[in-house]
K.L.:
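There's a structure below that I have some questions on.
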Amino acid sequence: MEEETSTSSSSDDQTFDTGSWIIAQDLLKRRLILEDNFTWIIPTTTTTKSSSQFFVKEDDDIDSNELIRYVGGVDLSFSKDDSSIACASIVVLDLLQIKNDGCFQVVYEDYKIVHLQIPYIPGFLAFREAPVLLELLEKMKHECSPFYPQCLMVDGNGLLHPRGNWRRCIEFFHFVMNSLRFGLACFLGVTADIPTIGIGKNLHHVDGLTQSGVREFLEAEENCSKDLITLTGCSGRIWGAALRSTNDSLKPIYVSIGHRISLESAIKLVRFTCKYRVPEPVRQADIRSRNFLQKNQGIM
DNA sequence: GCGACAG
DNA sequence: ATCTTGTCGC
């Protein structure tokens with residue numbers, strides 16, 4: 001199987017060696033864990049969404065296991081004037097503390113404004129955004145924060161991730177070997193050794209899956225009552241799930257596995273933390289990073 | 001060759 | 001990602 005020879009991608013006057021990035025992704029991919037790799041319990045949301053009621057599956061006797069409590073979210077916001085200036089954020093929510101407005105209490109937040117040198121290239125988001133996010137995580141660990149997240153929700157995909165000329169891959173029956181399936185959430189999960197979930201607000205087209213196709217499927221007669229569809233590509237592979245996270249949301253979010261968690265558990269946790277379309281950890285990281293940037297861009 | 005392409 | 005007006009609804 002010949003590897004694609006497009007080893008560089010140009011942006012501005014710089015060239016970037018995406019060939020070495022592909023190698024890095026392949027190396028890190030070997031460490032991926034695609035099943036639950038933790039001991040805590042994820043609450044199951046009840047069918048009624050009137051309040052934040054939930055129940056815990058009562059297994060035999062699992063005293064050592066506890067409910068998941070601290071869930072993090074990370075995101076970057078960008079300057080409207082200079083798209084290379086960004087504010088990275090990490091927030092941690094306490095799922096055991098629900099405020100009057102129904103949202104979870106934010107128990108930790110941190111920000112860093114950076115000047116990004118690497119452009120956004122589809123398929124290589126991690127090389128642009130992961131370094132500063134890793135810094136924020138490492139800082140927490142270094143300071144022994146009691147709020148270090150048990151699971152991290154990432155603004156970007158996990159396994160739902162393509163590479164190169166996908167069509168050609170299918171034609172040559174090499175799609176299994178050539179599909180990277182290693183997005184930002186996987187990258188962060190492996191490099192920080194933390195369970196991660198990828199949250200996409202738009203679908204990165206992969207394996208025959210298209211945003212319009214998913215929309216049609218969700219709006220079909222037979223599926224209009226369903227709020228979740230598994231994203232199975234034309235190769236038969238499962239990439240993640242499209243989820244109508246709120247009662248009235250027409251546009252789904254795209255959930256995929258990052259690291260050390262199963263798709264089933266990821267969906268449970270996403271459902272539990274969705275007060276609006278985007279799960280609260282990611283939503284708070286998004287809102288707060290934008291606010292922080294606007295208030296501090298001038299004085300930095 | 002052309003279009004598609006998370007954030 | 002960001003630029004944008006109004007607008008419908010709880």
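Because the structure is predicted, anything quoted here is derived from the model rather than measured. Values below: every heavy atom of this structure, side chains too, minus hydrogens, waters and symmetry copies. A note on names: the letters A, B, ... follow the listed sequences, proteins ahead of strands, and every chain is numbered from 1.
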K.L.:
Respond yes when some side-chain nitrogen or oxygen of A:H205 is under 4.0 Å from OP1 or OP2 of B:dC5, and no when none is.
P.N.:
yes
K.L.:
Please state whether the phosphate of B:dA6, meaning OP1 or OP2, lies under 4.0 angstrom from any side-chain nitrogen or oxygen of A:Y120.
P.N.:
yes
K.L.:
Nearest whole angstrom, please: distance from the P of B:dC5 to the CZ of A:F127.
P.N.:
22 Å
K.L.:
Name the nucleic acid region contacted by A:D155, choosing base, sugar-phosphate or nothing; use a 4.0 angstrom heavy-atom cut-off, strictly under.
P.N.:
sugar-phosphate
K.L.:
Can you check whether A:S262's main-chain N or O pairs, donor with acceptor, with A:D36's side chain at less than 3.5 Å?
P.N.:
yes
K.L.:
What is the separation between atom CD on A:E129 and atom C1' on B:dA6, rounded to the nearest whole Å?
P.N.:
9 Å
K.L.:
Any idea which of B:dA6, B:dG7, B:dA4 is nearest the A:D75 side chain?
P.N.:
B:dG7
K.L.:
For a 4.0 angstrom threshold against heavy atoms of chain A, report the outermost contacting nucleotides of DNA chain C in 5' to 3' order.
P.N.:
C:dA1 to C:dC3
K.L.:
Rounded to whole Å, please give me the gap between CG in A:L133 and P in B:dG7.
P.N.:
14 Å
K.L.:
For A:F292 and A:Y111, take the angle between the two ring planes, folded into 0 to 90°, and tell me which bin it lands in: parallel under 30, tilted 30 to 60, perpendicular over 60.
P.N.:
parallel
K.L.:
Given atom CZ of A:R128 and atom P of B:dC5, what is their separation to the nearest angstrom?
P.N.:
19 Å
K.L.:
So what does A:L160 hit on the nucleic acid, given a heavy-atom distance under 4.0 Å: a base, only sugar-phosphate, or nothing?
P.N.:
nothing
K.L.:
Given atom CZ of A:R283 and atom C1' of B:dG7, what is their separation to the nearest angstrom?
P.N.:
19 Å
K.L.:
Answer yes when A:D75 and A:R290 have at least one side-chain N-carboxylate O distance shorter than 4.0 Å, and no when they do not.
P.N.:
no
K.L.:
Ignoring hydrogens and geometry, is there a side-chain-to-backbone donor-acceptor pair from A:D94 to A:V107 under 3.5 Å?
P.N.:
no
K.L.:
Check the distance between B:dA6's C1' and A:L125's CG and give it to me in whole angstrom.
P.N.:
6 Å
K.L.:
Regarding A:G200, tell me which of base, sugar-phosphate or nothing describes its non-hydrogen contacts under 4.0 Å with the strands shown.
P.N.:
sugar-phosphate
K.L.:
Can you check whether A:N202 has a side-chain N or O nearer than 4.0 Å to OP1 or OP2 of B:dG7?
P.N.:
yes
K.L.:
Can you list every side chain to side chain donor-acceptor pair (under 3.5 Å) pair that touches residues 137-152 of chain A, not counting sequence neighbours?
P.N.:
A:D110-A:K139
K.L.:
To the nearest angstrom, how far is A:Y254 atom OH from B:dC5 atom P?
P.N.:
11 Å
K.L.:
Within the structure shown, what part of the strands sits under 4.0 Å from A:S77 by heavy-atom distance: base, sugar-phosphate, or nothing?
P.N.:
sugar-phosphate
K.L.:
How long is the straight-line distance from OG1 of A:T196 back to CG of A:L152, given to the nearest 0.5 Å?
P.N.:
7.0 Å
K.L.:
Ignoring hydrogens and angles, tell me if any N or O in the side chain of A:R244 forms a donor-acceptor pair with the backbone of A:K251 under 3.5 Å.
P.N.:
no
